[in-house]
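So you know, we letter chains A, B, ... as the sequences are listed, proteins then strands, and number each from 1. No experiment lies behind these values; they were computed from the predicted model shown.
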Amino acid sequence: MRLKLPRKYYLNEDVTRISRDLIGKVLVSRIGGKLTSGIIIETEAYNGVNDKASHAYGGRRTERNKVMYSEGGRAYVYLCYGVHHLFNVVTGRKDVPQALLIRAIKPADGIRAMLKRRGKEEIFKAFSDGPGTTAEALGITTRYSGEPLTANRIWIEERGVIIDRKNITAGPRIGVSYAGEDAQLPYRFRLNEDAIKMLKYE
DNA sequence: CGTACGATCTGCT
DNA sequence: GCAGATCGTACGA
């Protein structure tokens with residue numbers, strides 16, 4: 001079973017719900033002639049204008065983050081620390097700036113290509129354990145910000161991976177201490193380590 | 001126009 | 001455990 005998630009999937013108005021639901025889905029890129037993918041194992045939700053950790057907090061709308069205000073189903077990619085390209089999925093209604101950060105994947109297709117992009121010889125523990133390395137492995141850069149996830153460059157598939165919801169832990173987001181009380185919100189979703197090891201897909 | 005800094009990663013101690 | 005890398009972006013002057 002390989003079903004590209006349709007436009008409608010991204011229109012749900014609860015970004016935390018989509019963030020949790022995307023655990024076990026497969027993020028795919030066809031970039032530079034290579035098909036690469038991985039099972040999503042960690043996400044973070046950024047919930048609209050009232051979330052102090054969000055780039056759209058207080059209605060901030062800039063050249064960088066304007067894609068957050070589009071209808072769900074597009075990529076929002078931005079440069080972090082001048083070094084890392086972080087890949088986000090825009091969700092929800094137009095003019096409601098919700099997005100979720102893909103923080104980690106378990107490699108699936110095109111592993112050699114991903115290792116090459118990462119400048120690594122073989123898989124090690126931190127292969128894609130973090131949002132910067134995940135985007136790098138998939139070849140995703142800021143030039144793909146705004147890209148529709150219904151096209152054939154970057155998309156997400158359902159592949160029938162079975163996820164037991166009790167193996168998903170929700171906790172505070174990483175690196176958002178500047179967000180005051182919102183830094184404590186349980187908007188980070190991660191599949192437990194033993195469940196990651198057991199992951200299988202068709 | 002100038003400046004401070006970040007939804008991070010790595011390597012060295 | 002911690003500092004350095006590295007630069008586009010945001011925001012104030």
Practice problem: Could you check if a side-chain atom of A/Ile163 sits within less than 4.5 angstrom of a side-chain atom of A/Leu191, using non-hydrogen atoms only? | Solution: yes
Practice problem: Going by the side chain to side chain donor-acceptor pair (under 3.5 Å) test, name the single residue among A/Arg93, A/Lys94, A/Arg7 that passes it with A/Glu71. | Solution: A/Arg7
Quiz item: Is any side-chain nitrogen or oxygen of A/Thr62 closer than 4.0 Å to OP1 or OP2 of C/dA10?
Solution: yes
Quiz item: Within the pair A/Arg173 and B/dT8, is there a side-chain N or O less than 4.0 Å away from OP1 or OP2?
Solution: no
Practice problem: Figure out the NE2/C1' separation between A/His55 and C/dC11, and round it to whole Å. | Solution: 15 Å
Practice problem: Decide if atom CZ of A/Arg60 counts as having more than 12 heavy atoms of other residues, nucleotides or ligands within a radius under 6.0 Å. | Solution: yes
Quiz item: Would one find a side-chain N or O of A/Arg103 under 4.0 angstrom from OP1 or OP2 of B/dT8?
Solution: yes
Quiz item: Any Lys/Arg nitrogen of A/Glu136 or A/Arg117 sitting under 4.0 Å from an Asp/Glu carboxylate oxygen of the other?
Solution: no
Quiz item: Rounded to whole angstrom units, what separation is found between the CZ atom of A/Arg190 and the P atom of B/dA7?
Solution: 20 Å
Quiz item: In whole angstrom, what separates A/Lys52's NZ from B/dA7's P?
Solution: 16 Å
Quiz item: Closest to the A/Tyr81 side chain: B/dG6, C/dC11, B/dA7?
Solution: B/dG6
Practice problem: Could you give the distance separating B/dC5 and C/dA3 at their C1' atoms, to the nearest angstrom? | Solution: 16 Å
Quiz item: Do A/Lys52 and A/Glu181 have side chains that get closer than 4.5 Å, going by heavy atoms?
Solution: yes
Quiz item: Which is true for A/Val83 with a 4.0 Å heavy-atom rule: it touches a base, it touches only sugar-phosphate, or it touches nothing?
Solution: base
Quiz item: Which whole-number value in Å describes the distance from A/Glu44 CD to B/dG6 C1'?
Solution: 14 Å
Practice problem: Measure distances between side-chain N and O atoms of A/His84 and base N and O atoms of B/dA7, and say whether any donor-acceptor pair falls under 3.5 Å. | Solution: no
Self-check item: Separation of atom CG in A/Leu101 from atom P in B/dA7, rounded to whole Å
Solution: 10 Å
Exercise. Answer with base, sugar-phosphate or nothing: what part of the nucleic acid does A/Leu86 contact at a heavy-atom distance below 4.0 Å?
Key: sugar-phosphate
Self-check item: Candidates B/dA7, B/dC9, C/dC11 - which lies nearest the side chain of A/Thr133
Solution: B/dC9
Self-check item: Nucleotide paired to C/dC7 in any strand shown, Watson-Crick or G-U, under 3.5 Å
Solution: B/dG6
Quiz item: Taking the six-membered ring for Trp, are the ring centroids of A/Tyr144 and A/His85 within less than 6.0 Å of each other?
Solution: no
Practice problem: Would you kindly give the CE-to-C1' distance between A/Met68 and B/dA7, to the nearest whole Å? | Solution: 10 Å
Quiz item: Whole-Å distance between C/dG8 P and A/Tyr76 OH?
Solution: 15 Å
Exercise. Would you mind classifying the nucleic acid contact of A/Arg64 as base, sugar-phosphate or nothing, using non-hydrogen atoms under 4.0 angstrom?
Key: sugar-phosphate
Practice problem: State whether A/Arg60 places a side-chain N or O below 4.0 Å from either non-bridging phosphate oxygen (OP1 or OP2) of C/dT9. | Solution: no
Quiz item: Ring of A/Tyr178 versus six-membered ring of B/dG6: centres under 5.5 Å and planes under 30°?
Solution: no
Practice problem: Return the value, rounded to whole Å, for the distance between atom NE2 of A/His85 and atom P of C/dT9. | Solution: 10 Å
